[in-house]
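A short worksheet on the structure shown next.
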Amino acid sequence: MPEGHTVHRVANLFTELFAGHTLHAWSPQGRFSEGAKQVSESRLVSATATGKQLFLAFDNDLSIRVHLGIYGAWDVHTLAGVSARAGSPRDASLGAPRRRLGEHESETDPDEPFPPEPRGQVRLRLETPDTVADLRGPTACEVLTPQEVDAVRSRLGPDPLVDRGRLGEEEFIARLTSTRRAVGLVLMDQSVVSGIGNVYRAEILFRHQLDPYLPSSSLDSDTARALWKDWKKLLREGVKTGVMMTRTDLTPAMKTKALRSSAHRYFVYGRAGQACRVCGTAISMDLMATRKLYYCPRCQLS
DNA sequence: TCACAATGAACAA
DNA sequence: TGTTCCTTGTGAC
């Protein structure tokens, strides 16, 4: 499931698998039949991500915007023998005919006929003769004109992998520190910075020993700059490995091991009541704007 | 079989 | 602040 790293991975994989190809698009579930028809049999020009938004641009000038929301997912199946890679060692070693993008990438029955029957509620299927991508459970899946794509993009805060230079960094600092809302809320605000979700929010705050309830405007620019750089680093790593790994207290060997199980990847996320990995205090969990906020009351509260 | 949670966000009031 | 939408997997009965 998706925070910004997952969507960049999807964009990278689709660029590799689909860019330059004519796609057959349809909606097995039926809820996106009209939209799919508008791009079907067109050539995919590009697949790009900004934060949690995926844009698939076609040569008829239309784009599909996909937002996975809280439980959306892509499943990619490739005919054995022509499977492309998402670029990570894990993908390469899998070499599987089927891959689920996100944390769990698993193999399936190699005897399955190709293309496989859509399973469950598939909103959109994209097909070439040797590759199939199934989209299920998105919060958004719509066809946009170039102007509409620009409008969506303009509402988004900087993404470290899109706005790589100084401008992105300065924009982030300006937006972050210009509101008195709690920093725990502001880091999740996609108009301030793109791609951070509930896991990265909690982990980044912990990594900087920050009280989630501090007014965002109280952060000095050095702290803000450090947050941006850290997010950039975590995002890069997440895109590379496909996994959100945020711990800094592990040797490389332990880290590799911890990648495999979500129980060991995080400092605080999902660990309410368990001992802080740094000070041993029980991790707290509060509801912040309907989302679960995890933090260490000793390391982070001032 | 059912309830519930999950890495999200739009919308109403 | 509360409600709604999207789908699947898990665990309790």
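Keep in mind that the numbers below use all heavy atoms, side chains included, and drop hydrogens, waters and symmetry copies.
Comparing B:dT7, B:dA9, C:dT7 by their closest approach to the side chain of A:Q190 singles out B:dA9. In the set C:dT7, B:dG8, B:dT7, the nucleotide with an atom closest to the side chain of A:V199 is B:dT7. Among the nucleotides B:dT7, B:dA9, C:dC6, the one closest to any side-chain atom of A:H67 is B:dA9. Of the candidates C:dT7, B:dA6, B:dA9, the closest approach to any side-chain atom of A:R123 belongs to C:dT7.
To the nearest angstrom, P of B:dT7 lies 15 Å from CG of A:L205. Spacing between atom CD of A:E3 and atom P of B:dT7 amounts to 8 Å, rounded to whole angstrom units. Residue A:L234 contributes atom CG, which lies 18 Å from atom P of B:dT7 at whole-angstrom precision. For the pair A:F32 CZ and C:dC5 P, the computed distance is 20 Å after rounding to whole Å. Summarising the geometry, the separation between CG on A:D189 and P on B:dA9 is reported as 9 Å, rounded to the nearest angstrom. Across the protein-nucleic acid pair, A:D75 atom CG and C:dG9 atom C1' stand 14 Å apart, rounded to whole Å. A straight line from CG of A:L187 to P of B:dA9 spans 13 Å, rounded to a whole angstrom. The separation between A:Q121 atom CD and C:dC5 atom P is 15 Å, rounded to whole Å.
Between A:R225 and A:E170 there is a salt bridge, since at least one side-chain N of the basic residue sits less than 4.0 Å from a carboxylate O of the acidic one. Checked for salt-bridge contact, A:D189 and A:R181 meet the test: a charged N lies under 4.0 Å from a carboxylate O. A salt bridge does not link A:K240 to A:E237: none of the charged side-chain nitrogens sits closer than 4.0 Å to a carboxylate oxygen.
Using a 4.0 Å cut-off, some side-chain N or O of A:Q29 falls inside it from OP1 or OP2 of C:dT7. Taking 4.0 angstrom as the limit, A:K52 places none of its side-chain polar atoms (N or O) nearer than this to OP1 or OP2 of B:dT7. Contact annotation: A:R291 does not reach the phosphate of B:dA9 (side-chain N/O to OP1 or OP2, under 4.0 Å).
Counting any heavy atom pair closer than 4.0 Å across all strands shown, A:R155 reaches no nucleic acid atom.
Taking atom P on both nucleotides, C:dC5 is separated from B:dA13 by 14 Å, rounded to a whole Å. B:dA5 and C:dT3 have their P atoms separated by 15 Å, given to the nearest Å.
In this structure, A:T145 contributes its side chain and A:E148 its backbone to a donor-acceptor pair below 3.5 Å.
Ring geometry for A:H5 against A:Y200 counts as perpendicular: the plane angle is over 60°, on a 0 to 90° scale with 30° as the lower cut.
Using N1 to N3 plus N6-O4 or O6-N4 for Watson-Crick, or N1-O2 and O6-N3 for G-U wobble, each under 3.5 Å, B:dC11 pairs with C:dG2.
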